[in-house]
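What follows is a short report on a single structure.
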Amino acid sequence: MINLTLKDGSVRSVEKGKTIYDVAKDISGRLAKEAVAGVVNGKTVDLSYILEEDVALNILTLNDDEGLDVFRHTTAHVMAMAVQNLFPGTKLAIGPSIENGFYYDFDTKHVFVPEDLDQIEKEMKRIISEDLHAERFVLNREDALKFVNEIDADYKVELINDLPEGEELSFYRHGKFVDLCAGPHLYGLKQIKAFKLLSIAGAYWRGDSDRKMLQRIYATAFPKASQLEEHLHRLEEAKKRDHRKLGKELKLFSLMEQGPGFPFFLPKGMIVKNKLIEYWRDVHEKAGYVEVETPQILNRSLWETSGHWFHYAENMYTLKIDDEDYAIKPMNCPGGMLVYKTELRSYRDFPMRVGELGKVHRHELSGALHGLMRVRAFTQDDAHIFMLPSQIKDEIKEVVRVIDEVYQTFGFKYHIELSTRPEKSMGSDAEWELAEASLQQALEESNLAYRLNPGDGAFYGPKIDFHLEDCIGRTWQCGTIQLDMQLPQRFELTYIGEDGEKHRPVVIHRVAFGSIERFVGILIEHFAGKFPTWLSPVQVKMITVADRHFDYANQLKKQFEKAGIRVELDARHESVGYKIREARLERNPYMLVIGDNEVEKQTISVRSRDHGELGEMSVEDLLAKVNKEIEDKFTV
RNA sequence: GCUGACGUAGCUCAGUAGGUAGAGCAACGCCAUGGUAAGGCGUAGGUCGUGAGUUCAAAUCUCAUCGUUAGCUCCA
C-alpha cells in the first residue's frame, strides 16, 4: 500500500501500482468521468500514470484551467490527426492550447480553404467516435530522432534537437497517429464533445519572420456544448460591436484607400475625440501639467541626436526640404527635449510636467493596420516629466494615480506590466539597472501588482504598461510610463542644483490614453456605440410627429442648444416609426417625440436609451438630468 | 512585410460551363401628417479597385498592382 496526499490535504491509502484513473474512480464515478489528468508532486501527468510510491496527488478535471488545457491540447491532436488523414503528407509543427481554444500549425502543399474546416470537423468526429485511447511512450534522443525521421516529421526533429539534454522525449499515439508531445493527454477521446474550427491563418515557424510560413488552423473547444455555444455567441457579439462597423454606421470616422492607416474623423467622431481631449486637459491641468506643442516636421540632425534616425529609420516618414533631410515626427520626445532647453532650469522647477497632444506618424507594416486600433497617424496624449532622481518614485506614483483616474472614468479594469531591457538598446548596464530598479520600486511601494515582461522595454529605457480590460474581457495596451536615461544625455539636458552646479535631470515619458484614436476605437467597442452622455455626439434627439409640431420643437431645440446640450431635430416628412427607428440605431442617450400632446401641455415625453420610457417631464427637468450626467461623466 | 481570403451603385450584398450588370436600404421627387424599431408610388445612380494579357467577347480566366481582411511578425 502507498499513501496519497490529496488536494484537500487528506491522505488516502491505495494499492501500489494503481493508475490515477483507478484512484479517481475509487473516489467517485463523477470524478472519474470529469478527470483529465493528474498532478503528481507538482508534475502534470496522464491519468494512466502508475502510482508506485507515496506522493502528493491532485486530479485535474475539466473545471481546472490546467485540465481544460489538457482537454484542448488533446483536441488539437485529434485535429492534426484528421488533417493528416484527409491530406496525407501534411507535416506537423506545433499545436498548443490557447485561451478559449487551440491551434495547430501545418506544413502541407494543400492550401486550406474554409470548406476544408467542415470536412476536418467531420473527420474529427469520426475519430472521436472510435474512442481511441492515448498511448504514451518515451524514447531516448537517438531513437526519438530516428523515429521522427522515419515518419518524416522535419519540424519535430528540430524540436527534439532544441530540447535540453536530459529532458524526457515522450510521444503520444492515438491509433495510427503519433506526435512528439510532453503531454499529458486525455485518456480517452470520448470526453471531447464540443469544438469548432474557426479560421485559417499564416504563421511563421517558431514565430520567426525569417523562417517558413506555415498554415495555422484556429479552433475552440469546451467540455460542454452549451459553453461552446456561449463562446460562439460572445464572438458574434464582439463582431457586432466592432468599432470599424460601428464607426461607419454611426458616422464617426472613415478609412479610405487614399490614406491607408490615416483615419478621417467625421463630425460625430470629432466630437468624441474633442470631448476626450477636453477631459484630458482638465485632468492634467489639475494634476499640475502644462501643455506645449512641438513641430510636425523636424530636421535630420535632431533625429540623429535622439537616435531615432538610426534606431527607428524603417518606421519614419522622411522628406527633403531645400536639399536637407527632415522627418515627420514619430514621437514627441525629441521636440520635448528642445522645449526643455529653451531656458536654464533649476531644481526648484521640478518635477516639471510638460504635456503634449502630439500627432505622430509611423510607417507601420501594411499587414498590421487595423481600424483605429493600429494606424499610421495618431495623437499621443504625451507628457514629459523632468525631475531629480530622488523624485522618481513619488512622481511615478502620481502618474499612476492620474492614469488610474482616467481609466476609472470609463469603467475600465486594467493590469500592469513592467518591461525590461531589450536586445536592441542604448546605454550602459549600470544605467539600465538603475532605471529598471526605480520603476520596480515605485510599483512595489505603490502596492501595485504587476507582471514582468523581460526584454520588452523601449530601446532607451524600461517601461510600465497599462493594459485595459474592456467589458467583454479583451485587453488593450494603452497607458505607458517610460523612464528615459538616454535622451537627457543625448540632448545634454541640465539643471542647476541646490549646490549651484549643473546636473542631469531624469526624464519620464508617459501617456494615459496612449493613442486618442485607438482609445476612441476601444470606447466604441466597450460601450457598443452607446457612449455615455458626456461623450455622445448627439445627446438629445428630437422627432416631430407632424409638420405642425415643428415650431414648438424648434423652440425647444434652441433652448437645449442655449444650455449647451448637443441636440438634433429630425423634422423630415417621414413616418414617426421610421424616424424613431433611425434615432434608436443612432444610440443617442435621449429621444424626444414631439406631437399634439406635448405642444398642448408644453412638455416633452422622453425616452432614455438605457432606461426606456421616462414619460412626460418638463424641459428643465431633462436639462438638469443631462447636465448632471455630463458633469458626473456618468457611465451606465 | 509574410501566408490565405476578399474588393460589383453611398451602405449591405446577389450575379462562374466567359455573351457588354441586379436587389434591398440610402439619395432625390410626388403622395400620405403619421405617436415609440422601416407608409406608398416613382426617378436617378455602377468604365464591376486599378493596369496589362488571353479571347470574336472578360465582373467572370491569367499576371501584376493597390486596398481591405484573418492571423504571423512588429507595436500606442
Side-chain angles (χ1 to χ4, degrees), chain A residues 103 105-107 111-116 198-218 242 244-245 248-249 251 254-261 312 314-315 330-332 358 360 362-382 419 456 458 463 465-468 476-480 482 509-519 521-522 541 543-550 571-586 591-598 605-607 612-613 615:
Chain A
Y103 66 78
D105 286 346
F106 301 104
D107 182 9
V111 176
F112 291 122
V113 294
E115 292 77 56
D116 292 335
L198 295 176
S199 60
I200 304 156
Y204 297 109
W205 167 234
R206 309 202 106 178
D208 183 343
S209 58
D210 291 329
R211 306 196 64 175
K212 182 161 183 173
M213 179 148 282
L214 308 170
Q215 295 189 75
R216 173 175 298 180
I217 298 180
Y218 280 97
D242 187 318
R244 293 167 297 183
K245 179 173 137 74
K248 197 182 279 180
E249 285 171 10
K251 301 179 185 176
S254 182
L255 286 155
M256 321 209 192
E257 66 176 297
Q258 288 85 347
Y312 208 69
E314 66 279 17
N315 276 308
M331 290 179 190
N332 303 304
V360 296
R362 299 181 184 175
H363 186 70
E364 301 295 345
L365 292 177
S366 58
L369 304 180
H370 179 96
L372 291 181
M373 303 303 193
R374 197 71 193 282
V375 293
R376 284 173 170 163
F378 58 99
T379 313
Q380 287 184 311
D381 61 320
D382 221 335
S419 299
D456 217 26
K463 57 179 185 171
D465 292 326
F466 292 76
H467 297 253
L468 288 192
W476 302 95
Q477 198 206 305
C478 291
T480 148
Q482 309 185 342
H509 314 270
R510 45 111 284 171
V511 289
F513 292 141
S515 143
I516 296 180
E517 287 74 6
R518 173 188 282 184
F519 204 78
I522 293 168
K541 179 87 175 194
I543 289 167
T544 51
V545 175
D547 289 353
R548 61 180 176 279
H549 309 121
F550 176 77
R572 289 175 302 168
H573 300 192
E574 296 286 351
S575 69
V576 181
Y578 178 77
K579 290 196 277 192
I580 288 170
R581 178 186 148 80
E582 278 209 337
R584 290 188 60 165
L585 288 172
E586 285 171 17
M591 177 169 81
L592 314 183
V593 177
I594 310 293
D596 288 341
N597 286 337
E598 288 73 25
S605 64
V606 181
R607 183 180 206 293
E613 292 298 335

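Any value given below was found using the heavy atoms of this structure, including those in side chains, with hydrogens, waters and symmetry copies removed. Letters go in sequence order (proteins before strands), and every chain restarts at 1.
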task: Take A:Val375 and A:Ser199, find for each the nucleotide of RNA chain B with the closest heavy atom, and name the residue whose nucleotide sits nearer the 5' end.
output: A:Ser199
- prompt: Looking for any heavy atom pair under 4.0 Å, which part of the strands does A:Ser366 touch: base, sugar-phosphate only, or nothing?
  reply: base
query: Using Watson-Crick and G-U wobble pairs with both distances under 3.5 Å, what is the 5'-to-3' dot-bracket string of RNA chain B, with [ ] for crossing pairs and | for pairs outside the strand?
result: (((((((..((((.....[..)))).(((((.......))))).....(((((..]....))))))))))))....
message: Classify A:Gly202 by what it touches in the nucleic acid, base, sugar-phosphate, or nothing, heavy-atom distance under 4.0 Å.
response: base
message: Considering every strand and a 4.0 Å limit on heavy-atom distances, what is the contact class for A:Val360: base, sugar-phosphate, or nothing?
response: nothing
Check nucleotides 10-15 of chain B for protein N or O atoms closer than 3.5 Å to its own N or O atoms and list the pairs.
unit_1	atom_1	unit_2	atom_2	d
B:U12	OP1	A:Lys248	NZ	3.0

- prompt: Touch check for A:Arg572, heavy atoms < 4.0 angstrom, all strands: base, sugar-phosphate only, or nothing?
  reply: sugar-phosphate
query: Starting at CG of A:Leu255 and ending at C1' of B:U69, how long is that distance when rounded to a whole Å?
result: 13 Å
task: Have a look at A:Tyr218 and say if it touches a base, only the backbone sugar-phosphate, or nothing, with a 4.0 Å heavy-atom cut-off.
output: sugar-phosphate
- request: Sugar-phosphate means primed atoms, P, OP1 and OP2; the rest is base. With that split, encode nucleotides 36-50 of chain B 5' to 3' as B, S or - using protein heavy atoms under 4.0 Å.
  value: BBBS-----------
message: I need the CZ-P distance between A:Arg376 and B:A76, as an integer number of Å.
response: 16 Å
- request: Could you check if a side-chain atom of A:Cys478 sits within less than 4.5 angstrom of a side-chain atom of A:Phe519, using non-hydrogen atoms only?
  value: yes
field: Euclidean distance, atom CG of residue A:Asp208 to atom C1' of B:C2 [Å, nearest integer]
entry: 12 Å
- request: Go through the steps to decide whether A:Asp596 and A:Arg548 satisfy the test salt bridge (Lys or Arg N to Asp or Glu O under 4.0 Å), and finish with yes or no.
  value: CA-CA 9 Å; A:Asp596 288 341; A:Arg548 61 180 176 279; 3.0 Å; yes
query: Which whole-number value in Å describes the distance from A:Arg362 CZ to B:U73 C1'?
result: 17 Å
message: Please report the distance, rounded to the nearest Å, between CZ in A:Arg211 and C1' in B:G1.
response: 18 Å
